[in-house]
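Read the structure below first, then the notes.
Residue numbers count from 1 along this sequence.
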Amino acid sequence: MDKTRPDTQSCVADIADGATILVGGFGGAGMPHELIDALIERAPRDLTIVSNNAGNGTKGLAALLAAGLVRKVVCSFPRQADSHVFDGLYRSGQLELELVPQGNLVERLRAGGAGIGAFFTPTGYGTPIADGKETRVIDGRGYVLEYPIKGDFALIKARQADRWGNLVYRKTARNFGPVMATAAKMTVAQVEEIVPLGSLDPEVIVTPGAFVDRVVAVGTGAAQ
């Protein structure tokens, strides 16, 4: 079994119009920039992007938004000092936004990967986040019903992989990668290097290869 791919283009070649794509990263940490660049080149349209941020500067998700390929963003932190691409598209009505508190975002992803139908959370109760959603008071505290998030694809970044797709992350770059890997039909991981089978310590493998479908090495020059 060999899940390695020779290049990033072949990893995203079957992403179709209208796909929902989970994109790892916390700001620049763990952002799979090279896979996003390949996705821009592939140019599927009407995408829904699920990520913590909505892009900043002119690279990564910001470049994907600027290319006009995204219809909707689901994220917890859309605005930053240099998120001018998102700001412009959203304010002009060219981009939908679903704002999800960060804890809810990761738990909805985890629920998607774990097969949980829905869950009640206190986060967002009594705020516009709860508008239109089922609420309930449990043991004297208000809760909001939230549904899982699943993706057609997950694009994530790790430090190392073997050809079976077992992944080891680098510190903060780990962030959303593990839960996104479980919540997508097809998970693609870009890594700094692909190492021989048996060389990864099983105790430090965070994402088992069972949750990864494709891996591609982009070298140590990738953004952290």
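- R214 CZ: more than 12 foreign heavy atoms inside a 6.0 Å radius.
- In this structure the side chain of F119 never reaches within 4.5 angstrom of the side chain of R110, judged on heavy atoms.
- Side-chain atoms of V216 and T4, non-hydrogen and from C-beta on, never get closer than 4.5 Å to each other.
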| said: Does E107 form a side chain to side chain contact (heavy atoms under 4.5 Å, CB included) with E146? I'd like the steps, not just the answer. | reply: CA-CA 9 Å; E107 188 63 9; E146 296 284 2; over 6 Å; no
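- Atom CZ in F26 sits 9.0 Å away from atom OG1 in T172 (nearest 0.5 Å).
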>> Please determine whether side chain to side chain contact (heavy atoms under 4.5 Å, CB included) holds for the pair T48 and R71, giving the CA-CA distance in whole Å, both sets of side-chain angles, and the decisive distance to 0.1 Å.
In response: CA-CA 6 Å; T48 295; R71 175 181 60 84; 3.2 Å; yes
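- Residues V74 and F86 fall into different hydrophobic clusters, defined by Ile, Leu, Val, Met, Phe, Trp and Tyr side chains chained together at heavy-atom separations under 4.5 Å.
- For R136 (side chain) and G142 (main-chain N/O), no donor-acceptor pair under 3.5 Å exists by modelled atom type.
- Two residues are said to be in side-chain contact when any heavy atoms from C-beta on lie closer than 4.5 Å; L69 and R45 meet this criterion.
- Counting heavy atoms from C-beta outward, K150 and T20 have side chains that stay 4.5 Å or more apart.
- You'll find the side chain of L105 reaches within 4.5 Å of the side chain of F176, heavy atoms only.
- Around the NZ atom of K133, the shell of radius 6.0 Å holds more than 12 heavy atoms that belong to other residues, nucleotides or ligands.
- Between the side chain of D87 and the main chain of Y90, no donor-acceptor pair closer than 3.5 Å is present.
- Look at D14 and R42 and you find no salt bridge, because none of the NZ, NE, NH1 or NH2 atoms lies under 4.0 Å from a carboxylate O.
- Put simply, the side chain of L155 does not reach to within 4.5 Å of the side chain of L22, judged on heavy atoms.
- Checked by atom type and distance alone, the side chain of D46 never pairs as donor or acceptor with a backbone atom of D17 at under 3.5 Å.
- Between the Q190 side chain and the V215 main chain, no donor and acceptor come within less than 3.5 Å of each other.
- In terms of modelled atom types and a separation under 3.5 Å, the side chain of N166 and the main chain of G209 share a donor-acceptor contact.
- Closest heavy-atom contact between N52 and C75: O-CB, 3.4 Å.
- Under the 4.5 Å side-chain heavy-atom criterion for ILVMFWY residues, a single connected hydrophobic cluster contains both L89 and V70.
- If you take CE on M1 and CG on L197, they are separated by 8.0 Å, rounding to the nearest 0.5 Å.
- Remark: N53 CG to L61 CG distance equals 8.0 Å, nearest 0.5 Å.
- The pair D213-K3 fails the salt-bridge criterion, with no side-chain N (NZ, NE, NH1 or NH2) lying under 4.0 Å from an Asp/Glu carboxylate O.
- A pairwise comparison of heavy atoms in G18 and L47 identifies N-CD2, 4.4 Å as the closest pair.
- S92 contributes a side-chain N or O that, together with a main-chain N or O of G88, makes up a donor-acceptor pair within less than 3.5 Å.
- In terms of hydrophobic clustering, with Ile, Leu, Val, Met, Phe, Trp and Tyr side chains grouped at heavy-atom distances under 4.5 Å, I156 and V195 are assigned to different clusters.
- Going from atom OG1 of T187 over to atom CZ of F153 covers 9.5 Å, rounded to the nearest 0.5 Å.
- The only member of L39, V12, L35 that meets side chain to side chain contact (heavy atoms under 4.5 Å, CB included) when paired with I21 is L39.
- Here M31 contributes atom CE and S51 contributes atom OG; the two are 4.5 Å apart, rounded to the nearest 0.5 Å.
- Closest non-hydrogen pair, Y169 versus P178, comes out as OH-N, 3.6 Å.
- Under the 4.5 Å side-chain heavy-atom criterion for ILVMFWY residues, no single connected hydrophobic cluster contains both I205 and I194.
- The shortest heavy-atom contact between A62 and G57 is CB-O, 3.3 Å.
- At least one side-chain heavy atom of V218 sits less than 4.5 Å from a side-chain heavy atom of T8.
- Residues V212 and T207 have side chains in contact (heavy-atom distance under 4.5 Å, counting atoms from C-beta outward).
- L97 and V85 end up in the same hydrophobic cluster when Ile, Leu, Val, Met, Phe, Trp and Tyr side chains are linked at under 4.5 Å.
- Of all heavy-atom pairs between N104 and T121, the closest is OD1-OG1, 3.4 Å.
- Around the CZ atom of F120, the shell of radius 6.0 Å holds more than 12 heavy atoms that belong to other residues, nucleotides or ligands.
- Atom CE of M186 sits about 10.0 Å away from atom SG of C11, to the nearest 0.5 Å.
- Of all the heavy atoms in P101 and S76, the pair that sits closest is C-CB, 4.0 Å.
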| request: Please lay out, stage by stage, how V100 and R108 fare under the test side chain to side chain contact (heavy atoms under 4.5 Å, CB included). | output: CA-CA 9 Å; V100 182; R108 288 178 64 186; 3.6 Å; yes
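- No salt bridge links E193 with R170; every basic N to acidic carboxylate O contact stays at or beyond 4.0 Å.
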Report task. Dump the intermediate steps for side chain to side chain contact (heavy atoms under 4.5 Å, CB included) on V191 and R159, then the final yes or no. Result -> CA-CA 5 Å; V191 299; R159 182 178 188 181; over 6 Å; no
